[in-house]
Engineer: 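Okay, here's the structure, questions in a sec.
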Amino acid sequence: MGRVGVLLLNLGGPEKLEDVRPFLYNLFADPEIIRLPITWLQKPLAWFIATTRSSKSQENYRQIGGGSPLRRITEEQAEALQTDLHQRGQDAKVYIGMRYWYPFTEEAIAAIKRDNVEQLVILPLYPQFSISTSGSSFRLLQNLWRDYPNLQPADHTVIASWYKRPGYLQAMADLIQRELTQYEDPDSVHIFFSAHGVPLSYVEEAGDPYQQEIEECTELIMRTVNRPNKYTLAYQSRVGPVEWLRPYTEDAIADLAERGIERLLVVPISFVSEHIETLQEIDIEYREIAEEAGIHDFHRVPALNTHPVFISELSEIVIDALNAPSVDVSETLRPAEQVKIYPPERWEWGMSPAAEVWNGRLAMLGFLALMLELISGQGPLHFVGLL
Ligand SMILES: C=CC1=C(C)c2cc3[nH]c(cc4nc(cc5[nH]c(cc1n2)c(C)c5CCC(=O)O)C(CCC(=O)O)=C4C)c(C)c3C=C
Ligand SMILES: [Fe+2]
Ligand SMILES: [Fe+2]
């Protein structure tokens, strides 16, 4: 048997303030994040949103020290996993492939080829599957291997999601228990699960299993915690004008405050590392909202990072995958034409005269709006909240 490799997939984050704009460009140029009716407008619009959003986003990164800690933490996780696998007699090499920043997935695939990896386990660092996260990375691999078939390891297998794994649930429960024991009256603490949101259409139109997996995951964690505490699930980090999964975190906080709840323990659940949404959005923005609403006691559990129970579960996921039949990336994805994300079907590119006319009008409208915004700094795109 040839060399064994593990490819950890993650989002990536800007390491310096100068990286923010090109990072945002990569993100918004991804059709799994925003899908436009007019394909050729994807890149100009990505450039436009990235350019106009970057100062706001930079300010957030400035508040957490000028960059994302994601690369450092992911490297620590990769090293801990590799050591743990070696201790179990599994001589695997662990690679990191980020979707929107360094080290890019393409670099990882090149290194995997160079090292002659023959058996590859593809493990996203997202516990739950979403079209916009793991799905986007799988799509990238599928396209890469379609264009360069010789880069594909002979034997490779994909893990779509792993939120039901006992070690993951145990590690999450452990983090919650540890925080709860700091309170005099732990049972009075309201546990607040905050998941990263996605647009509602992902779930309702494209069939993203994300919401179902998040809901089941919170129930499983609460069962593992095995305490009588009340809990809530809400969705954070909404961007853009469309409707996202509800309830929104800020609304749920206001609701709880109104009901007289004074102690909140926030648990971020869609991501396993500290990142801008925990360090800035929860710790700074949501804390402020909570305190203004009268919740004087606002705590957050840390992210898993290199929690030993979590890392050892990752090893078990890898070992189980090596001993099971392979799963190809294509099996975790719907065919591209079936994924309807943005916008509703009637706007799709088509050969009908009506569609052509509308595409032309939309393009002109979009271009005009863009010019207006660029000249005035204010306009419809500000109005709908995209910027
Ligand atoms: C499971 C986690 C995540 C989902 C689902 C997700 C969907 C999603 N995100 C955006 C837009 C942005 N995301 C940004 C940063 C970001 N997103 C996640 C995770 C999920 N995103 C993480 C961990 C990070 C931060 C990485 C870091 O630097 O620490 C950003 C940039 C930051 C900002 O300007 O606010 C944007 C924009 C969409 C549109 C989306 C679903 C369609
Ligand atoms: Fe995001
Ligand atoms: Fe955010």
Side-chain angles (χ1 to χ4, degrees), residues 9-17 19-36 45-46 48-74 98-102 124-137 139 160-163 193-203 205-206 208-211 213-214 217 235-245 249 268-285 303-305 339 341-343 385-387:
L9 297 172
N10 211 339
L11 188 121
E15 289 167 69
K16 309 182 294 293
L17 291 178
D19 301 342
V20 170
R21 200 188 48 79
F23 161 77
L24 289 175
Y25 173 80
N26 293 341
L27 192 139
F28 289 115
D30 179 2
E32 312 305 326
I33 289 282
I34 301 189
R35 181 155 306 181
L36 285 178
L45 189 80
F48 178 65
I49 304 178
T51 305
T52 36
R53 191 185 165 85
S54 79
S55 59
K56 180 172 157 193
S57 188
Q58 270 181 344
E59 176 49 35
N60 293 343
Y61 282 104
R62 190 174 292 121
Q63 288 176 24
I64 64 165
S68 172
L70 202 52
R71 181 178 189 157
R72 174 181 56 77
I73 296 170
T74 310
M98 300 293 197
R99 184 65 185 83
Y100 307 119
W101 206 245
Y102 299 94
L125 285 176
Y126 309 98
Q128 309 86 9
F129 178 90
S130 167
I131 292 170
S132 60
T133 56
S134 305
S136 168
S137 286
R139 178 84 65 209
S161 69
W162 40 268
Y163 63 95
F193 290 94
S194 192
H196 198 297
V198 296
L200 189 62
S201 60
Y202 278 55
V203 174
E205 283 161 45
D208 199 335
Y210 181 72
Q211 182 179 24
E213 294 196 2
I214 288 282
C217 179
Y235 295 90
Q236 66 172 80
S237 314
R238 184 166 33 104
V239 231
V242 299
E243 194 180 349
W244 282 45
L245 294 180
T249 292
I269 50 159
S270 28
F271 211 63
V272 295
S273 316
E274 297 295 352
H275 63 292
I276 190 149
E277 326 278 17
T278 53
L279 299 168
Q280 196 278 330
E281 202 167 4
I282 299 178
D283 291 356
I284 300 175
E285 287 179 38
L304 287 169
N305 296 339
V339 184
I341 299 169
Y342 275 93
L386 202 57
L387 302 172

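Remember, it's 1-based here, ligands and their atoms both numbered in the order they're listed. Remember, predicted model here, so these are calculated numbers, not experimental data.
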Engineer: At less than 4.0 angstrom from any non-hydrogen atom of P14, what atoms of ligand 1 do you find?
Structural biologist: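 Those atoms are 28 (O).
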Engineer: Does P199 approach ligand 1 within less than 4.0 angstrom via side chain, backbone, both or neither, non-hydrogen atoms only?
Structural biologist: side chain
Engineer: Nearest heavy atom to atom 8 (C) of ligand 1: which of K56, H196, R71 does it belong to?
Structural biologist: H196
Engineer: What atoms of ligand 1 come within less than 4.0 Å of a heavy atom belonging to Y202?
Structural biologist: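 Near Y202, the atoms of ligand 1 are 42 (C).
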Engineer: Would you check if there is a donor-acceptor pair between the side chains of E274 and T278 at a distance under 3.5 Å?
Structural biologist: yes
Engineer: Consider every N or O of I276 and every N or O of ligand 1, then say whether any pair is closer than 3.5 Å.
Structural biologist: yes
Engineer: Any idea which atoms of ligand 1 are less than 4.0 Å away from a heavy-atom of G13?
Structural biologist: 28 (O)
Engineer: Considering only heavy atoms of W244, which atoms of ligand 1 have at least one such atom less than 4.0 Å away?
Structural biologist: 38 (C), 39 (C), 40 (C), 41 (C)
Engineer: Can S68 and E15 be counted as having a side-chain donor-acceptor contact under 3.5 angstrom?
Structural biologist: no
Engineer: If the cut-off is 4.0 Å to any non-hydrogen atom of L24, which atoms of ligand 1 fall inside it?
Structural biologist: 31 (C), 34 (O)
Engineer: So E285 and N60, do their side chains get closer than 4.5 Å, heavy atoms only?
Structural biologist: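 Touching, per the 4.5 Å side-chain cut-off.
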Engineer: With atoms numbered from 1 as shown, which atoms in ligand 1 lie under 4.0 angstrom from a non-hydrogen atom of F271?
Structural biologist: 23 (C)
Engineer: Given the side-chain rings of Y126 and F271, with only the six-membered ring counted for Trp, is the space between their centroids under 6.0 Å?
Structural biologist: yes
Engineer: For ligand 1 and Y126, I'd like to know whether there is a polar contact (N/O to N/O, distance under 3.5 Å).
Structural biologist: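 So ligand 1 has no N or O lying under 3.5 Å from an N or O of Y126.
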Engineer: Got a second to check how far Q63's CD is from Q58's CD, nearest 0.5 Å?
Structural biologist: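 Result: 12.5 Å between the selected atoms.
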Engineer: Taking the six-membered ring for Trp, are F23 and Y100 parallel (under 30°), tilted (30 to 60°) or perpendicular (over 60°)?
Structural biologist: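 Plane angle over 60°, so perpendicular.
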Engineer: Mind checking whether S270 has an N or O less than 3.5 Å away from an N or O of ligand 1?
Structural biologist: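 So ligand 1 has no N or O lying under 3.5 Å from an N or O of S270.
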Engineer: Side chains of T51 and R21: does their closest heavy-atom pair fall under 4.5 Å?
Structural biologist: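 They are in side-chain contact.
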Engineer: What part of L27 sits under 4.0 Å from ligand 1 if we count only heavy atoms: the side chain, the backbone, both or neither?
Structural biologist: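 Side chain only.
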Engineer: Is the shortest distance from a Lys or Arg side-chain nitrogen in E59 or R62 to a carboxylate oxygen in the other one below 4.0 Å?
Structural biologist: yes
Engineer: List ligand 1 atoms under 4.0 Å from V239, heavy atoms only on the residue side.
Structural biologist: 11 (C), 39 (C)
Engineer: If we set the cut-off at 4.0 Å for heavy atoms, which region of Q128 has an atom near ligand 1: side chain, backbone, both, or neither?
Structural biologist: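 Neither; nothing of Q128 gets under 4.0 Å from ligand 1.
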Engineer: A side-chain contact here means heavy atoms from C-beta on lying under 4.5 Å apart; do N305 and S273 qualify?
Structural biologist: yes
Engineer: For ligand 1, is there an atom lying under 4.0 Å from some heavy atom of V20?
Structural biologist: no
Engineer: Are any of the N or O atoms of T133 closer than 3.5 Å to those of ligand 1?
Structural biologist: no
Engineer: For residues S130 and D208, is any side-chain donor paired with an opposing acceptor at under 3.5 Å?
Structural biologist: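 A pair is found: one side chain offers a donor N or O, the other an acceptor, under 3.5 Å apart.
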Engineer: Between ligand 1 and S130, is the shortest N or O to N or O distance under 3.5 Å?
Structural biologist: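 There is no such contact.
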Engineer: Atoms of ligand 1 less than 4.0 Å from S68 heavy atoms?
Structural biologist: 27 (C), 28 (O), 29 (O)
Engineer: Would you check if there is a donor-acceptor pair between the side chains of S136 and R99 at a distance under 3.5 Å?
Structural biologist: yes
